[in-house]
Each structure stands twice: as structure tokens, then as C-alpha cells.
A.B. asks: 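Sharing a structure, written as C-alpha cells. Questions coming.
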Amino acid sequence: MTQAIETPAASQTASQSRRRPSAKPHGQWKVDGTAPLNHNEEFKQRDNGLNVRERIETVYAVEGFDSIPSDDLHGRFRWWGLYTQRKPGIDGGKTATLEPHELEDRYFMLRVRIDGGALTTEQLRVIGGISVEFARGTADVTDRQNIQLHWIDVADVPEIWRRLESVGLSTTEACGDVPRVILGSPVAGIAKDEIIDPTPVIREISARFIGDPELANLPRKFKSAITGHPSQDVVHEINDISLVGVVHPELGPGYDLWVGGGLSTSARLAERLGTFVTEEQAAEVWHAVVRIFRDYGYRRLRNKARLKYLMNDWGPAKFRAVLQDEYLGYELPDGPAPSRATTPGDHVGVHEQNDGNFYIGAAPLVGRVNGTVLTALADLLERHGSRRLRTTPHQKIVVLDVAPEEVDAVVDGLEALGLSSAPSLFRRSTIACTGLEFCKLAIVDTKDTAERTVAGLEDSLADVAERLPGQLSLHINGCPNSCARIQTADIGLKGQLLPDADGGQTPGFQVHLGGGLASSDREQAGLGRTVRGLKVTADGLVGYVDRVVRRYDEQHAEGETFAEWAHRADEELLK
């Protein structure tokens with residue numbers, strides 16, 4: 001068996017046969033060598049992104065925003081969860097025409113990394129305090145289980161880090177060309193029907209590999225997800241690597257390995273390698289896959305630098321062979337695929353835990369909360385005997401360990417904070433990215449548009465609400481990059497500017513219909529359908545969704561989901 005080749009610049013003889021003789025080099029370290037082929041690769045190789053922290057603490061926080069050179073400001077700051085945010089007042093029409101320095105403000109978005117979504121009330125209170133004191137009260141729960149803050153001044157970053165790290169939180173590698181946050185089941189370790197608890201694996205990966213300089217120069221970002229719950233609650237089909245809980249007929253509980261998923265402007269669903277991974281092997285297998293990406297990932301063109309492009313060219317069989325032969329040094333056994341999901345993966349509502357207590361999943365409106373709400377939530381839970389909660393990949397919050405006699409009081413307290421455990425259909429199933437308010441890539445507003453749309457649909461569809469399915473997802477994205485997963489929603493909306501009646505432009509969306517990930521009402525993931533010319537203005541969004549949902553209600557076959565109907569319906573019915 002061949003041992004793993006650890007050094008990217010080592011001999012490349014084992015990989016020469018994989019070179020495409022007539023193609024330009026892809027910048028694969030083990031094939032083409034490590035010489036950088038673009039500026040992104042140059043600045044990463046010149047100075048590891050993790051090294052910028054010392055300069056932030058000792059130079060930039062003291063001397064101010066103007067002291068930050070471009071490669072740090074627009075590059076290495078991301079390794080510590082910092083992006084410059086959009087300057088207020090710049091409309092979406094300027095996004096593609098202005099230079100980054102013209103779009104950006106002198107303030108930052110700061111992403112707090114929360115692996116597995118796991119928080120204590122002490123940690124939540126610290127984030128809430130930081131939000132109020134340093135971030136103008138802002139806080140968003142993201143669909144990557146992080147919490148994002150805005151209006152951060154570089155002068156305050158060292159103190160923010162000190163406070164976060166005092167309670168075991170960090171922003172390490174929350175952004176950048178690194179292993180990003182590890183998605184984990186929000187009900188890990190507490191669900192009665194859990195196959196395997198992913199908490200030990202998430203903790204091992206985080207402790208051993210996050211912040212490792214050897215993994216801090218990847219071709220681009222690397223997204224991970226691990227769950228042991230049968231609801232498959234970590235959107236595993238759209239991550240670079242996912243470990244999904246299964247039971248091997250001979251080896252017992254473990255994980256099924258998925259590789260190569262991602263959305264953005266070129267969506268691709270992950271594929272199974274067909275291998276079974278034990279709990280003891282899981283961290284090592286994760287480490288091997290991320291090193292394959294580091295060593296063989298495409299670096300020449302940044303828009304081709306995700307693992308999904310390598311997986312598309314290699315296929316599962318070759319990827320498995322390289323994983324086993326070059327990186328693990330042993331073969332993984334074949335394993336079963338996950339069974340169909342049994343329950344909704346957002347965990348909204350009241351559910352009994354494996355210890356007789358209860359967990360309660362609650363929906364903030366499109367993930368938007370604030371520092372005061374976070375602090376009040378920590379107070380609420382502690383008053384009723386709970387000190388743990390989780391964020392989810394669906395922009396929800398799950399509170400844990402609620403005694404039976406405290407459930408009603410906690411449910412009422414959550415509702416008073418704007419966190420409903422029994423939300424309406426669209427409040428439950430709508431997510432939105434950051435949008436024009438803060439994002440330099442955005443073209444249209446998302447959060448406010450989503451809030452108005454949810455309120456409008458709650459009113460306009462009230463007469464048919466009882467007949468509609470329990471979940472009907474509406475995902476709103478401010479640009480083509482799909483942070484809000486538009487291709488995998490029942491109704492996905494990609495922000496763009498549309499012509500108006502006066503010869504100008506108005507905010508609107510291209511519509512995707514019938515997408516979805518594996519769930520309790522869908523056996524397999526699938527991408528949404530686009531109908532030529534199907535676009536809707538932001539102002540017309542409530543009317544459009546009302547119209548298409550009513551047509552589904554009137555015309556779908558018994559038991560037919562919205563996604564199934566949207567894929568078979570005539571185009572005219574979808575307009």
C-alpha cells in the first residue's frame with residue numbers, strides 16, 4: 001500500500017499520468033508544481049493568511065483602517081472571519097461597475113465560527129454583548145450555523161477576539177481559502193432517533209486541524225458537514241465533504257462519505273464514494289480529503305478552484321482510489337447509502353430528547369436577530385434551567401435540555417422574542433442571504449424583501465394555508481452566488497436588476513422552481529427548474545408566489561409535492 005504524500009512540493013512522478021497533455025496547467029500542486037499562477041496564489045504563498053492576526057492586533061488596530069495594505073484587507077483578513085462590508089447608499093446597479101475599494105466601507109462583517117452550531121448560554125451572552133457594544137446591535141444566524149456581526153471597526157477587533165476566546169469561541173478560518181465551519185446536526189447527542197453522535201468527530205477535527213498552517217492555503221474554501229441524525233439535517237449534498245450517519249450491517253453505526261458538492265453559479269451535487277467510515281476513522285478521512293483538495297485542486301482559475309470541479313473530472317471511483325492509495329494507505333469498506341429522511345431537518349417545534357427533557361426549534365425571521373435578543377434568549381433559557389442551544393443550517397435556533405414542566409414557558413418566552421416554535425409555512429421555510437444592505441457582491445435587497453414577502457404571503461394565502469404542505473421553501477439571494485441555496489429550494493430567487501416601464505431598472509429575481517435536498521418528503525436531492533424569461537420584480541414577489549402556489553394547490557395530484565408538480569407543469573402555469 002502506498003503511504004500518503006504529505007509535502008505538496010514533493011516528487012510528482014506518481015501523478016504525471018493524470019496530466020492532460022494538451023491542456024493548460026490547472027495549478028495542481030502535485031501535477032504542475034507549486035509556482036503560483038495568479039495573484040491570489042501569490043499572496044497566499046508569500047505569507048500564510050493566519051499570520052495576519054498579529055498585524056491586526058499590533059498595527060492595524062492601532063494605526064487604523066488606512067494602514068491596511070490591499071492583500072491583507074481583501075485577502076488575509078478573511079482567514080480571521082473579516083470582510084469589508086458594503087458602503088451604505090450604493091445601489092445594486094453599481095456592484096459590477098465599481099472597484100472593490102469604491103464599494104467597501106471602512107467597517108467589517110465579522111463571522112463568529114460555531115462548529116456544529118453548538119453554543120452555551122454564556123457564549124450567546126458574550127456574542128450579544130459584542131453585538132450591542134461593537135456592532136450596532138446587528139446579528140444574523142446564517143445557513144452555515146455561524147453568527148455574523150456588522151459595523152465592526154478594526155480598532156475593536158482585538159478586544160472582540162479576547163471576549164470570544166474567553167468563552168471558547170473564535171473567528172479562526174471563518175472565511176478564506178481554508179476549512180470553513182463544520183456543519184453539524186443541531187440535535188447531536190440528544191435526539192431519541194439518532195444513529196450516531198457526530199460531536200466527538202467535529203471536536204476532534206476542530207481541535208486538530210482548524211488553524212493548522214498546513215491546511216491554510218487551499219485552492220478555495222472547503223465546506224464540511226457531519227450528521228448522525230436520520231433527518232439528514234446538514235444539507236450534505238452541497239458540501240465539499242459530508243459524513244452522513246448510517247448503520248453498516250456488520251460494522252455497526254458509522255458514516256457514509258460524500259464528496260464534491262457546491263452551488264454558487266455552477267451547481268453540482270455531491271456524490272457518494274460508496275465507502276463506510278467508522279467513528280475512529282472519520283477525522284483521518286476528513287483530513288485526507290482536504291489534503292487531496294490542497295494538492296490536486298485547481299488553482300489557475302479561481303472560478304474553477306472548488307473541489308466539485310476536480311470531482312467532476314475524476315469521478316467517485318478515481319477519487320476513492322487516490323484517497324485510499326495515496327492518503328490513507330488502506331482501503332475503506334463498502335457501505336450502505338443513507339435511508340430516506342424520516343423527519344424535517346430544520347427541527348422546528350417541540351421534541352422529546354433521549355433523556356426525557358425537550359428540545360425546541362424556533363424560527364427567527366430569515367435568520368435576523370440582534371444583540372439584545374441574543375442576550376435575552378440566554379436569560380430566558382437560564383431562568384428555565386437550560387444552558388445549551390444550537391444554530392442550524394436553516395437559519396433556525398434549537399434550545400436544548402428543557403424540562404417538561406418548563407416547555408410552555410420557554411415556548412411563550414421564545415415567541416415574545418420573535419422566535420416562533422410554531423411558525424407559519426413561509427416564516428418557517430424562507431431563508432435569505434445578507435443582500436444589498438451589507439454585501440459587496442449583492443445586486444438587490446434580500447432580508448427586508450424576505451420579511452415583507454413572508455408577511456404578505458401569510459395574509460394572502462391564509463385561505464389555503466391548511467391545505468398546503470408542511471414545508472414549502474422560499475430562498476432569496478441577492479446575487480448569482482447562491483449563499484441562500486436558490487437551486488435547492490421549492491422557489492429559489494436569484495437577484496438581478498430588471499427593466500422597468502420608464503426605461504430604468506428595478507430590483508427583481510430570476511425564478512428557479514422545484515429544487516430540493518433529501519428530506520422527509522423527497523428521497524433524493526435535485527436542482528430547480530428554470531423557465532426561460534421567468535423573472536419577477538421585488539415589488540411583484542408576493543403576487544407571483546401567491547399565484548404559483550394557488551395553481552399548485554388547484555392542480556397537483558394527490559400526494560404530489562410542489563417540487564414534483566413544478567417539474568412537470570406546463571411553463572405557462574409557472575409564470
A.B. asks: Give a yes or no on whether the backbone of I130 and the side-chain of E133 come within a donor-acceptor separation of less than 3.5 Å.
C.D. replies: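 Checked: no pair found.
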A.B. asks: Mind listing the closest non-hydrogen atom pair of L124 and L119 along with its distance?
C.D. replies: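 For L124 and L119, the tightest heavy-atom pair comes out as CD1-CD1, 4.2 Å.
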A.B. asks: Between E122 and R125, does at least one N-O distance fall below 4.0 Å, as a salt bridge requires?
C.D. replies: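 Looking at E122 and R125, the cut-off is not met.
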A.B. asks: Taking C-beta and beyond as the side chain, do V259 and L273 meet within less than 4.5 Å on heavy atoms?
C.D. replies: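 They are in contact (side-chain heavy atoms under 4.5 Å apart), so the answer is yes.
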A.B. asks: Go through R113 and I210 one step at a time and tell me if the side-chain contact (heavy atoms from CB on, under 4.5 Å) criterion holds.
C.D. replies: CA-CA 11 Å; R113 180 183 184 122; I210 303 309; 3.2 Å; yes
A.B. asks: Ion pair present between R368 and E437, side-chain N to carboxylate O less than 4.0 angstrom?
C.D. replies: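 The answer is yes: the pair qualifies as a salt bridge.
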A.B. asks: Just by distance, no angles: are the side chains of Q487 and H475 close enough, under 3.5 Å, to form a donor-acceptor pair?
C.D. replies: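 The answer is no; no qualifying pair exists.
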A.B. asks: Could you tell me the separation between the NZ atom of K30 and the CG atom of D32, rounded to the nearest 0.5 Å?
C.D. replies: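 Reported value, rounded in 0.5 Å steps: 13.5 Å.
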A.B. asks: Looking only at heavy atoms, what is the nearest atom pair of S421 and V348, with distance?
C.D. replies: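 Taking every non-hydrogen atom into account, O-CG1, 3.6 Å.
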A.B. asks: Under 3.5 Å, is there a donor on one side chain and an acceptor on the other for E284 and Y327?
C.D. replies: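 Result is no, nothing qualifies.
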A.B. asks: Does the side chain of L436 reach to within under 4.5 Å of the side chain of R86, using non-hydrogen atoms?
C.D. replies: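 When only atoms from C-beta onward are counted, R86 and L436 do touch, with a gap below 4.5 Å.
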A.B. asks: So, do L377 and L389 sit near enough that their side-chain heavy atoms are less than 4.5 Å apart?
C.D. replies: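 Of all side-chain heavy-atom pairs linking L389 with L377, at least one is under 4.5 Å.
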A.B. asks: Salt bridge check: are R106 and D153 linked by an N-O gap of less than 4.0 Å?
C.D. replies: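 A salt bridge is absent here (no side-chain N lies under 4.0 Å from a carboxylate O).
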A.B. asks: Less than 4.5 Å apart, side chain to side chain, heavy atoms only: is that true for V444 and I476?
C.D. replies: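 No. Closest side-chain heavy atoms not under 4.5 Å.
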A.B. asks: Take a 6.0 Å sphere around CZ of F134 and say whether it holds more than 12 heavy atoms from other residues, nucleotides or ligands.
C.D. replies: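 Buried by this count: over 12 neighbours within 6.0 Å.
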A.B. asks: Does any donor atom in the side chain of S386 or H384 lie under 3.5 Å from an acceptor atom in the other side chain?
C.D. replies: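 No, no side-chain donor-acceptor contact under 3.5 Å.
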A.B. asks: Hey, are D401 and Q353 close enough side-chain-wise for a donor-acceptor pair under 3.5 Å?
C.D. replies: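 The criterion, which ignores hydrogens and geometry beyond distance, is satisfied for D401 and Q353.
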A.B. asks: Under a 3.5 Å cutoff, is there a donor and acceptor pairing between the side chains of R136 and S131?
C.D. replies: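 S131 and R136 do not have a side-chain donor-acceptor pair below 3.5 Å.
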A.B. asks: Run the numbers on L307 and L310 for side-chain contact (heavy atoms from CB on, under 4.5 Å), then give the verdict.
C.D. replies: CA-CA 5 Å; L307 184 59; L310 180 67; 3.9 Å; yes
A.B. asks: Are I147 and D140 close enough, and set up right, to give a side-chain contact (heavy atoms from CB on, under 4.5 Å), and what steps lead you there?
C.D. replies: CA-CA 5 Å; I147 293 178; D140 288 333; over 6 Å; no
A.B. asks: Verify whether one side chain among K494 and S482 offers a donor that lies under 3.5 Å from an acceptor in the other.
C.D. replies: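 Result is no, nothing qualifies.
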A.B. asks: On the ring face of W79, is R53 found with NZ or CZ under 6.0 Å from the centre and within 45° of the axis?
C.D. replies: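 Not flagged: R53 not positioned over aromatic ring of W79.
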A.B. asks: Do D177 and R220 sit within salt-bridge range, that is, some charged N less than 4.0 Å from a carboxylate O?
C.D. replies: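 Not counted as a salt bridge, because no side-chain N and carboxylate O are separated by less than 4.0 Å.
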A.B. asks: Would you mind checking if D346 and K396 are paired as a salt bridge, meaning a charged N to carboxylate O distance below 4.0 Å?
C.D. replies: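 Salt bridge flag = no for D346 with K396.
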A.B. asks: Side chains of R306 and N312: donor-acceptor distance under 3.5 Å anywhere?
C.D. replies: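 No pair is found: no donor N or O on one side chain lies under 3.5 Å from an acceptor on the other.
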A.B. asks: Which pair of heavy atoms, one from A362 and one from L414, lies closest together, and at what distance?
C.D. replies: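 Heavy atoms of A362 and L414 come nearest at CB-CD1, 4.2 Å.
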A.B. asks: With rounding to the nearest 0.5 angstrom, report the CD1 to CG distance, I56 to L82.
C.D. replies: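 It is 5.5 Å, given to the nearest 0.5 Å.
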A.B. asks: Check whether any side-chain heavy atom of R388 lies under 4.5 Å from a side-chain heavy atom of I190, and answer yes or no.
C.D. replies: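 Yes - at least one pair of side-chain heavy atoms lies under 4.5 Å apart.
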A.B. asks: Drop me the distance from T446's OG1 to E451's CD, to the nearest 0.5 angstrom.
C.D. replies: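 Output value for this atom pair is 10.0 Å.
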A.B. asks: Using 4.0 Å as the upper bound for N to carboxylate O, is an ion pair formed by R163 and E159?
C.D. replies: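 Looking at R163 together with E159, the answer is yes, because their closest N to O distance falls below 4.0 Å.
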A.B. asks: Heavy-atom distance under 4.5 Å between the side chains of T84 and L73, does that happen here?
C.D. replies: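 The answer is yes; the side chains approach within 4.5 Å.
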A.B. asks: Any donor-acceptor pair under 3.5 Å linking the side chain of S264 with the backbone of S266?
C.D. replies: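 Checking the backbone N and O of S266 against the side chain of S264, no donor-acceptor pair under 3.5 Å is found.
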A.B. asks: Looking just at side-chain N and O atoms, do E415 and S420 make a donor-acceptor pair shorter than 3.5 Å?
C.D. replies: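 Yes.
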A.B. asks: Any side-chain donor-acceptor pair under 3.5 Å between R299 and N217?
C.D. replies: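 Yes, N217 and R299 have a side-chain donor paired with an acceptor closer than 3.5 Å.
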A.B. asks: Return the minimal non-hydrogen interatomic distance between I292 and L323, and the atom names on each side.
C.D. replies: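 Scanning both residues, the minimum pair turns out to be CD1-CA, 3.7 Å.
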A.B. asks: Looking only at heavy atoms, what is the nearest atom pair of V201 and A282, with distance?
C.D. replies: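 Minimum heavy-atom separation between V201 and A282: CG1-CB, 3.6 Å.
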A.B. asks: Using every non-hydrogen atom in the two residues, find where W151 and P88 come nearest and quote the distance to one decimal.
C.D. replies: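 Looks like CH2-CG, 3.7 Å.
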A.B. asks: Less than 4.0 angstrom from a charged side-chain N to a carboxylate O is my criterion; do D445 and K447 meet it?
C.D. replies: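 No.
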A.B. asks: Measuring centre to centre across the rings, with the benzene-like ring taken for any Trp, is Y296 within less than 6.0 Å of W314?
C.D. replies: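 Yes.
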A.B. asks: How about Y60 and F65: are their ring centroids closer than 6.0 Å?
C.D. replies: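 Ring-ring flag for Y60/F65: false, centres at least 6.0 Å apart.
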A.B. asks: Does the plane of the ring in W286 sit parallel, tilted or perpendicular to the ring in F209? Use 30° and 60° as the thresholds.
C.D. replies: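 It falls in the parallel class, under 30°.
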A.B. asks: Return yes if a side-chain donor-acceptor contact under 3.5 Å exists between E382 and T121, otherwise no.
C.D. replies: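 Side-chain D/A pair, E382 to T121: present.
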A.B. asks: List the residues meeting ring pair (Phe, Tyr, Trp, His ring centres under 6.0 Å) with H150, not counting sequence neighbours, and say none if there are none.
C.D. replies: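 With sequence neighbours excluded, H150 shows a ring pair (Phe, Tyr, Trp, His ring centres under 6.0 Å) to F438, given in chain and number order.
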A.B. asks: Could you measure the distance from the CD atom of E104 to the CD1 atom of I90? Nearest 0.5 Å is fine.
C.D. replies: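 Nearest 0.5 Å value for the CD-CD1 distance: 9.5 Å.
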A.B. asks: Any luck finding a side-chain donor-acceptor pair between D233 and H347 under 3.5 Å?
C.D. replies: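 Their side chains do contain a donor-acceptor pair, which is all the 3.5 Å distance test asks for.
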A.B. asks: Could you give me the CA-CA distance, side-chain angles and deciding distance for V62 and E57, then say whether side-chain contact (heavy atoms from CB on, under 4.5 Å) is met?
C.D. replies: CA-CA 8 Å; V62 177; E57 292 177 319; over 6 Å; no
A.B. asks: Between W80 and T172, do the side chains contain a donor N or O and an acceptor N or O under 3.5 Å apart?
C.D. replies: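 Distance-only check fails for T172 and W80.
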A.B. asks: Any side-chain heavy atom of R76 sitting closer than 4.5 Å to one from D47?
C.D. replies: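 Yes - at least one pair of side-chain heavy atoms lies under 4.5 Å apart.
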A.B. asks: Does a salt bridge link D115 with R203, judged by any charged N lying under 4.0 Å from a carboxylate O?
C.D. replies: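 No, D115 and R203 are not salt-bridged.
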A.B. asks: Under 4.5 Å between any side-chain heavy atoms of V235 and R485, yes or no?
C.D. replies: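 A side-chain contact under 4.5 Å exists here.
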A.B. asks: In Å and rounded to the nearest 0.5 Å, what is the OG to CD distance from S242 to Q232?
C.D. replies: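 Going from OG on S242 over to CD on Q232, the span is 10.5 Å.
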A.B. asks: Go through the steps to decide whether Q148 and Y83 satisfy the test side-chain hydrogen bond (donor to acceptor under 3.5 Å, both in side chains), and finish with yes or no.
C.D. replies: CA-CA 11 Å; Q148 289 184 176; Y83 282 94; over 6 Å; no
A.B. asks: Does the pair D240/K223 count as a salt bridge with the N-to-O cut at 4.0 Å?
C.D. replies: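 Looking at D240 and K223, the cut-off is not met.
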A.B. asks: Going from CG on L215 to CZ on F222, what distance comes out if it is rounded to the nearest 0.5 angstrom?
C.D. replies: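 CZ of F222 is found 9.5 Å from CG of L215.
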A.B. asks: Hey, is the main chain of N40 close enough, under 3.5 Å, to the side chain of N38 for a donor-acceptor pair?
C.D. replies: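 Yes: the side chain of N38 pairs with the backbone of N40.
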